[in-house]
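I have placed the structure first, in the form of structure tokens, so that the comments after it can refer back to it.
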Amino acid sequence: MELRSPGLSMEAREGVPALPGDGDDYESLPAGVSPLTHMTAGAVAGILEHTVMYPVDSVKTRMQSLQPDPNAQYRGVMEALRRMIRTEGLLTPLRGINVTMLGAGPAHALYFACYEKMKTTIGGLINHVGNSHVANVVKQRMQMYNSPYRSMLHCIRTIGRTEGVGAFYRSYTTQLFMNIPFQAIHFITYEFTQEQLNPQRQYHPGSHIASGAIAGAMAAAATTPLDVCKTLLNTQENMALSSVNVSGHLSGMANAIRTVYQLGGVAGYFKGVQARVIYQMPSTAIAWSVYEFFKYFLSKNYN
């Protein structure tokens with residue numbers, strides 16, 4: 001697999017001058033384009049990625065519950081969505097979407113800007129963890145069954161007042177360790193799949209969608225165990241923690257890993273894996289196809 005170098009079309013890499021308007025010119029935007037261009041494309045892609053499939057993300061959070069309420073035990077993703085809408089209201093699967101949108105825009109602006117740099121360096125693997133972490137905690141608290149929070153601001157104020165600012169960062173290390181393999185698998189798989197499906201690196205929506213979906217599915221499945229631990233740290237399930245005599249609040253990745261095993265054994269690390277993969281496949285397909293379209297569109301207009 002070859003990671004492309006920014007600023008060089010395929011012809012230039014082979015020693016042949018690139019012609020204006022060639023199909024793969026968009027692969028790297030012209031050298032004069034501001035990083036703001038990548039950030040704009042990334043922000044739009046990120047917001048669409050996280051909002052279009054958000055209801056499935058809500059299901060994933062609930063299915064990762066280690067000791068769910070009897071009324072929140074689901075056999076599958078579609079059954080969960082139907083029951084959530086029927087028993088809790090039409091908008092229940094969208095609870096917390098506003099905080100996700102606020103976090104996704106700036107996070108993915110950096111995410112994709114660093115991706116362009118990653119074609120020659122590795123520095124972007126963990127860039128968006130800090131940007132979206134607080135939003136992720138609030139989102140998951142609001143997604144839980146019988147969540148007591150009325151709104152995003154109510155959730156933030158209540159957590160800050162009752163648990164302290166540190167509550168927003170209990171799972172920071174876990175998310176960091178999860179994001180490193182997730183992004184490594186994600187980017188490498190995307191680039192590898194593009195080499196197979198689109199070796200000329202022309203703008204080809206079908207290959208971007210397929211590559212994004214495959215990359216998202218593989219990364220999501222491989223990192224589900226750490227995602228389950230992250231969800232436990234973010235939600236602080238009272239019933240589950242009290243059953244293993246955890247007093248106060250659970251913190252730390254090692255404690256979360258032990259607690260998940262105590263509560264669910266090896267299978268506990270893969271709770272919600274189906275929902276996570278179903279969420280991630282179209283989400284990453286949307287993100288990559290939108291991002292690649294913006295690169296193509298902006299490069300043509302720039303020329």
Side-chain angles (χ1 to χ4, degrees), residues 50 54-69 72 92-104 107 126 128-180 182 220 223-244 246-264 268-273 275-276 279-280 283:
H50 285 281
Y54 188 83
V56 179
D57 186 54
S58 294
V59 170
K60 183 215 72 168
T61 295
R62 292 196 180 191
M63 292 183 78
Q64 287 182 336
S65 176
L66 294 165
Q67 287 195 353
D69 185 284
T92 297
L94 299 178
R95 281 177 58 85
I97 194 172
N98 52 348
V99 69
T100 297
M101 292 176 67
L102 289 174
I126 58 176
H128 74 308
V129 177
N131 292 286
S132 60
H133 189 75
V134 173
N136 197 43
V137 174
V138 174
K139 175 202 76 170
Q140 290 201 297
R141 290 285 183 107
M142 295 185 71
Q143 287 175 331
M144 292 298 287
Y145 180 72
N146 277 341
S147 173
Y149 308 110
R150 297 188 301 272
S151 67
M152 173 184 71
L153 291 177
H154 178 239
C155 182
I156 293 171
R157 284 196 296 265
T158 303
I159 294 173
R161 185 179 66 251
T162 60
E163 302 177 43
V165 175
F168 295 108
Y169 295 95
R170 288 193 188 107
S171 67
Y172 184 83
T173 303
T174 306
Q175 185 163 341
L176 190 66
F177 274 88
M178 179 182 74
N179 271 36
I180 293 173
F182 183 96
T223 56
T224 294
L226 285 173
D227 192 54
V228 172
C229 295
K230 183 204 72 174
T231 297
L232 179 61
L233 290 167
N234 282 347
T235 59
Q236 297 288 311
E237 290 182 66
N238 292 328
M239 189 180 302
L241 296 181
S242 62
S243 70
V244 289
V246 175
S247 57
H249 298 103
L250 184 70
S251 62
M253 183 172 68
N255 289 331
I257 291 172
R258 281 195 298 268
T259 303
V260 170
Y261 185 77
Q262 284 180 276
L263 290 165
Y269 294 115
F270 293 93
K271 287 181 71 70
V273 64
R276 180 165 161 79
Y279 164 76
Q280 204 67 52
S283 293

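Numbers for residues simply follow the sequence, beginning at 1.
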Please report the shortest heavy-atom distance between [X] and [Y], naming the atom on each side.
X: Ala256; Y: Leu232; answer: O-CD2, 4.3 Å
X: Thr224; Y: Lys271; answer: CG2-O, 4.1 Å
X: Tyr54; Y: Gly96; answer: OH-C, 3.2 Å
X: Val56; Y: Ala275; answer: CG1-O, 3.6 Å
X: Gly268; Y: Val228; answer: O-CG1, 3.5 Å
X: Lys60; Y: Gly272; answer: CG-O, 3.9 Å

Taking the side chain as C-beta and beyond, is there a heavy-atom pair between [X] and [Y] under 4.5 Å?
X: Leu250; Y: Arg170; result: no
X: Thr231; Y: Glu237; result: no
X: Val134; Y: Val99; result: no
X: Leu102; Y: Met152; result: yes
X: Arg95; Y: Gln143; result: no
X: Ile257; Y: Tyr269; result: yes
X: Lys230; Y: Phe177; result: no
X: Phe168; Y: Ile156; result: yes

Output the distance between atom [atom1] ([X]) and atom [atom2] ([Y]), rounded to the nearest 0.5 Å.
X: Ile180; Y: Gln175; atom1: CD1; atom2: CD; result: 11.5 Å
X: Met144; Y: Gln140; atom1: CE; atom2: CD; result: 8.5 Å
X: Arg62; Y: Ser65; atom1: CZ; atom2: OG; result: 10.0 Å
X: Met142; Y: Leu94; atom1: CE; atom2: CG; result: 11.0 Å

More than 12 foreign heavy atoms under 6.0 Å from [atom1] of [X]: is that the case here?
X: Tyr145; atom1: OH; answer: yes
X: Asn238; atom1: CG; answer: no
X: Tyr261; atom1: OH; answer: no

Exercise. According to the salt bridge (Lys or Arg N to Asp or Glu O under 4.0 Å) rule, which pairs have a member within residues 133-162, sequence neighbours left out?
Worked result: Asp57-Lys139, Arg141-Glu163
For this session: Go through the steps for Tyr279 and Val59 under the test side chain to side chain contact (heavy atoms under 4.5 Å, CB included), then give the verdict.
Result: CA-CA 9 Å; Tyr279 164 76; Val59 170; over 6 Å; no
Exercise. When you look at Leu176 and Asn179, which way does the side chain to side chain contact (heavy atoms under 4.5 Å, CB included) test go after all the steps?
Worked result: CA-CA 5 Å; Leu176 190 66; Asn179 271 36; 5.8 Å; no
[Y] backbone acceptor or donor facing [X] side chain under 3.5 Å:
X: Asp227; Y: Thr223; result: no
X: Ser151; Y: His154; result: yes
X: Ser243; Y: Ala240; result: yes

For this session: Report the C-alpha separation of Leu66 and Met239 in whole Å, then their side-chain angles, then the decisive distance to 0.1 Å, and conclude whether the side chain to side chain contact (heavy atoms under 4.5 Å, CB included) test is met.
Result: CA-CA 9 Å; Leu66 294 165; Met239 189 180 302; over 6 Å; no
